[in-house]
Protein chains: 2
Amino acid sequence: MTHTRTRLERGRNALGPALELVHTGRAPTRAVLTTALGVTRATAGAVASELQTLGLITVDSRPGGATGSHGRPSHRLAIDPGGPVALAAQVHADGFRAALVGLGGRLHATTPACTTVAADPKQILGEVVAAGADLLRETGRHCVGAGLAVPSAVAEPEGTALNPLHLAWPAGAPVRDIFNECLAEAGITAPGYCGNDVNLAALAEHRHGAGRGAAHLLCVATGHRGVGGALVLDGRLHSGSAGLAMEVGHLTVDPTGRPCHCGSRGCLDVETDPLALLEAAGRTPGPEGSLLDQARDLLRAEYATDPAVRAAAHAVIDRLGLGLAGLVNILNPDRIILGGLHRWLLEADPQRLRGLVETRSLWGRSGTVPVSACVLDYNSLVGAAELAWQPVLDDPLAALPT
Amino acid sequence: MTHTRTRLERGRNALGPALELVHTGRAPTRAVLTTALGVTRATAGAVASELQTLGLITVDSRPGGATGSHGRPSHRLAIDPGGPVALAAQVHADGFRAALVGLGGRLHATTPACTTVAADPKQILGEVVAAGADLLRETGRHCVGAGLAVPSAVAEPEGTALNPLHLAWPAGAPVRDIFNECLAEAGITAPGYCGNDVNLAALAEHRHGAGRGAAHLLCVATGHRGVGGALVLDGRLHSGSAGLAMEVGHLTVDPTGRPCHCGSRGCLDVETDPLALLEAAGRTPGPEGSLLDQARDLLRAEYATDPAVRAAAHAVIDRLGLGLAGLVNILNPDRIILGGLHRWLLEADPQRLRGLVETRSLWGRSGTVPVSACVLDYNSLVGAAELAWQPVLDDPLAALPT
DNA sequence: GTAGTTTGTTTATTGAAGTCACAAAGCCAG
DNA sequence: CTGGCTTTGTGACTTCAATAAACAAACTAC
């Protein structure tokens, strides 16, 4: 039916904020949308109707919904599972992976983990984009854009990878341009965006995972080597003036510790990464599995039984706690989430780590910061997709055809 | 004349952004306002006209302005020097001061520095508010609000001073409530706001001083003792989720350094404050003048001549450089400004400090962060006034009578 | 003087959101 | 099961900030 409703056009209207609320699961009904947007029911209805005709959300008008309260039951708003998708790609030390991610952080399809590595970014990105293009072909879905997560700081606005050490790529490689080249060659006309993997993981966790609702979210995580950090402020990734913020790996956490490639010693980066734990426990890294997996398995299998493992874990936890406390003093987040090895360290002894953060931060007594683990599978991939979705969230009518 | 122009009402319109542009000196003419707001000339004209009738800005339509280019010369927009003011107050270790500050960061009147100190916040705040009320009476100006700068972290939303060590106040004192009480008792009905002095200095410098135009401004400064930090992101003070961010004083800058009251050793706080410099130079703090003044005078008088002073300054500069580099890695600011002793250290040897920040930060080669000194007199007072002005900048029609 | 350029104003129009009234769809008490 | 109460959703009209388009004003350059 053609409504006599207000028709919305692109630009300054409530469509973007409304879609973001549904996207992040904060607007299950039109009624909630009304209060969350601070508009009238009429406006919220018009906005929801428009998002529906755009094919982005569904409105379930069946009665049966458990109301829980008096009054007319509200219709459920949900992301349209048949809607468009974003192409997400991730490259890391051991290979790459591609996926299709819809609104709401929903994974529609993923390729299996691929273990190809190469010193030429073009080659790897070509392969991962080709894998993603296959997924798009198979599913026949409309693609709104593409996002790429890399284990390196990505300089903005250039889109260059400044320290892709673990990929053996040349420093300063123009990953975003190369990514867009590969997209064009694969016949994908949507724009491509790039970001640091930990940053994107934090963004994904903020919108769909353990960071939901946090106003100032701090995320610290190890990859297979090294430590990364990320900060999400008021829903936006804080990546600094040039995209280079939150390189937290070189906070000093042990003045007498091992030397770091940055020239200092005892950096968070070398004191709390998987290799540090393995070495502290007196284990030699094996050839099978990533260092991260070996460290996790060591913690899970022997933390409870082997005093040496326990002592090693405690030492690493203590240094991590010191680093987190320092970050708390500087950033005053209202939530901390941990990924990679840090997540498993928290799992091994949550009391020890949380206690340290509390006692070593200056405001420990004025309110403890909750420390928890990342919860999303493939959070870097989901975060990469968020980059591609962002223009749609900012202005759905301008970003989508029709 | 009554215009047939669009009349603006309170709420979502361009009045606030427009006033902010004039306030920060970024909109000298209607033409610039037009492009900066991204609106049409008609809208900019209506907005300027409205701000003029509110008594906030003046429009100088005299022809003589040096145009410098072709076309019709534009009328100058300026803050109305006869407009309302904000009451600004500052308390510090050696006393207090009050001032009246107009839009544009313009100091209209200040009390002389007063040297009363007391362990009772109510007493001191009563005196400073009374001094401010005198200024208001003398000038007969309308007061839009009041701001207070204190040398302590101020918890939000409680408005309590968590570590007013240098005031000898009780930790957790509800300064904002006390401030508002004192305002009410002095017959000032305007609302009162409180903030940390370094934070407010950074805000003032960002809007009217050395930080203008910086998207991510980092400010580090000493008071008479200790070190404070502040971060202004996209024009807004980043004070963390609870107002407690940027306590940068406890970054480790010398693992073998002197013990700090935080339990660690070699913290920025104790290694780069005025006392640290005096001690490193082998001087005993004298009874006259603040430690800050003594340290400044030492640098100015003897840095060039006394090798011991030079060596001491270099040692402190080196530690400051290390601390700043650490902050650069975490925050990736696009400008750094220094206040207090740090400003004088920069003055003493700018090359040494800037070189350190560059070489010790991870991205030194990818673009150096400019390091400069604060330039505003009374920047904490001006920043305190900014707090009071903020509601007016957000919505002039709602915040002002008529 | 004339052409070209930029700034400012006026009039009419647009479009997102608000107001208000009413309908729909559930609870609950009698 | 009927009528009161509450909440949600929709349609008609209104509001008002901003736009578009035309015009006027004030300068520079030739």
Side-chain angles (χ1 to χ4, degrees), chain A residues 1-19 27-53 57 59-77 395-398, chain B residues 1-19 27-53 57 59-77 395-398:
Chain A
M1 283 301 299
T2 56
H3 299 268
T4 57
R5 248 184 197 170
T6 308
R7 297 290 310 178
L8 302 175
E9 303 206 343
R10 67 188 55 181
R12 233 177 318 179
N13 56 34
L15 271 186
L19 181 58
T29 69
R30 270 185 275 235
V32 176
L33 195 60
T34 300
T35 58
L37 288 175
V39 297
T40 60
R41 289 202 300 275
T43 308
V47 164
S49 159
E50 188 68 36
L51 291 175
Q52 194 180 11
T53 63
I57 71 169
V59 178
D60 182 359
S61 50
R62 285 172 311 173
T67 58
S69 76
H70 300 239
R72 173 176 174 175
S74 42
H75 302 167
R76 312 293 303 177
L77 303 181
D395 189 344
L397 279 162
Chain B
M1 283 301 300
T2 57
H3 299 268
T4 58
R5 249 187 197 165
T6 308
R7 298 290 311 179
L8 302 175
E9 303 204 344
R10 68 186 54 181
R12 231 177 319 179
N13 56 35
L15 273 185
L19 181 59
T29 69
R30 271 186 274 237
V32 175
L33 194 60
T34 299
T35 58
L37 289 175
V39 297
T40 60
R41 290 201 299 276
T43 309
V47 163
S49 160
E50 188 67 36
L51 291 175
Q52 194 181 9
T53 62
I57 71 170
V59 178
D60 182 359
S61 51
R62 283 173 312 172
T67 58
S69 76
H70 298 239
R72 174 176 173 175
S74 41
H75 301 167
R76 313 293 302 177
L77 302 182
D395 190 345
L397 280 162

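Below, all heavy atoms of this structure are taken into account, side chains as well, without hydrogens, waters or symmetry copies. Reminder, nothing fancy here: chain letters follow the sequence lines and each chain counts from 1.
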Chemist: Starting at CG of A:Leu19, measure out to CG of A:Leu51 and round the result to the nearest 0.5 Å.
Modeler: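 So the CG of A:Leu19 and the CG of A:Leu51 are separated by 5.5 Å.
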Chemist: Could you check whether any side-chain heavy atom of B:Leu37 comes within less than 4.5 Å of a side-chain heavy atom of B:Thr43, counting everything from C-beta outward?
Modeler: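 When only atoms from C-beta onward are counted, B:Thr43 and B:Leu37 do not touch, as no gap falls below 4.5 Å.
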Chemist: Check whether any side-chain heavy atom of B:Thr53 sits under 4.5 Å from a side-chain heavy atom of B:Glu50, and report yes or no.
Modeler: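 SC-SC contact between B:Thr53 and B:Glu50 confirmed.
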Chemist: Does A:His75 reach the side chain of A:Arg30, with side-chain heavy atoms less than 4.5 Å apart?
Modeler: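 Yes, close enough: below the 4.5 Å cut-off.
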Chemist: Rounded to whole angstrom units, what separation is found between the CZ atom of B:Arg76 and the P atom of C:dT7?
Modeler: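 Roughly 12 Å, once rounded to whole Å.
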Chemist: Rounded to whole angstroms, how far apart are CG on B:Leu33 and C1' on C:dG8?
Modeler: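 Distance check: B:Leu33 CG to C:dG8 C1' gives 13 Å.
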Chemist: Any side-chain N or O of A:Thr43 less than 4.0 Å from the OP1 or OP2 oxygen of C:dG18?
Modeler: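 Checking A:Thr43 against C:dG18: at least one side-chain N or O falls below 4.0 Å of OP1 or OP2.
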Chemist: For A:Thr29, check side chain to side chain contact (heavy atoms under 4.5 Å, CB included) against everything at least two apart and list the hits.
Modeler: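 If we apply the side chain to side chain contact (heavy atoms under 4.5 Å, CB included) test to A:Thr29, skipping adjacent residues, the hits are A:Ala31, A:Val32, A:Ser74, A:Arg76.
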Chemist: Please tell me if A:Thr40 has a side-chain N or O lying less than 4.0 Å from either OP1 or OP2 of C:dG18.
Modeler: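 Yes, because at least one side-chain N or O of A:Thr40 sits under 4.0 Å from OP1 or OP2 of C:dG18.
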Chemist: Have a look at B:Ala44 and say if it touches a base, only the backbone sugar-phosphate, or nothing, with a 4.0 Å heavy-atom cut-off.
Modeler: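 Counting heavy atoms under 4.0 Å across all strands, no contact is made by B:Ala44.
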Chemist: Take the protein atom CG of B:Asp60 and the nucleotide atom C1' of D:dA26, then report the distance between them rounded to whole Å.
Modeler: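 Whole-Å distance recorded here is 15 Å.
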Chemist: Round to a whole Å and report the spacing from CD of A:Glu50 to C1' of C:dG15.
Modeler: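 Computing the A:Glu50:CD to C:dG15:C1' distance gives 13 Å.
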Chemist: Show the distances under 3.5 angstrom between N or O atoms of the protein and N or O atoms of nucleotides 4-8 of chain D.
Modeler:
residue: D:dT7; atom: O2; partner: A:Arg72; partner atom: N; Å: 2.9
residue: D:dT8; atom: O4'; partner: A:Arg72; partner atom: O; Å: 3.3
residue: D:dT8; atom: O2; partner: A:Arg72; partner atom: NH1; Å: 2.9

Chemist: Distance check needed: C:dG15 P versus A:Leu15 CG, whole Å only.
Modeler: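 Interatomic distance, CG of A:Leu15 to P of C:dG15: 14 Å.
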Chemist: Once rounded to the nearest 0.5 Å, what's the spacing between atom CG of B:Leu8 and atom CG of B:Leu15?
Modeler: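 Answer for the CG-CG pair, B:Leu8 versus B:Leu15, is 4.5 Å.
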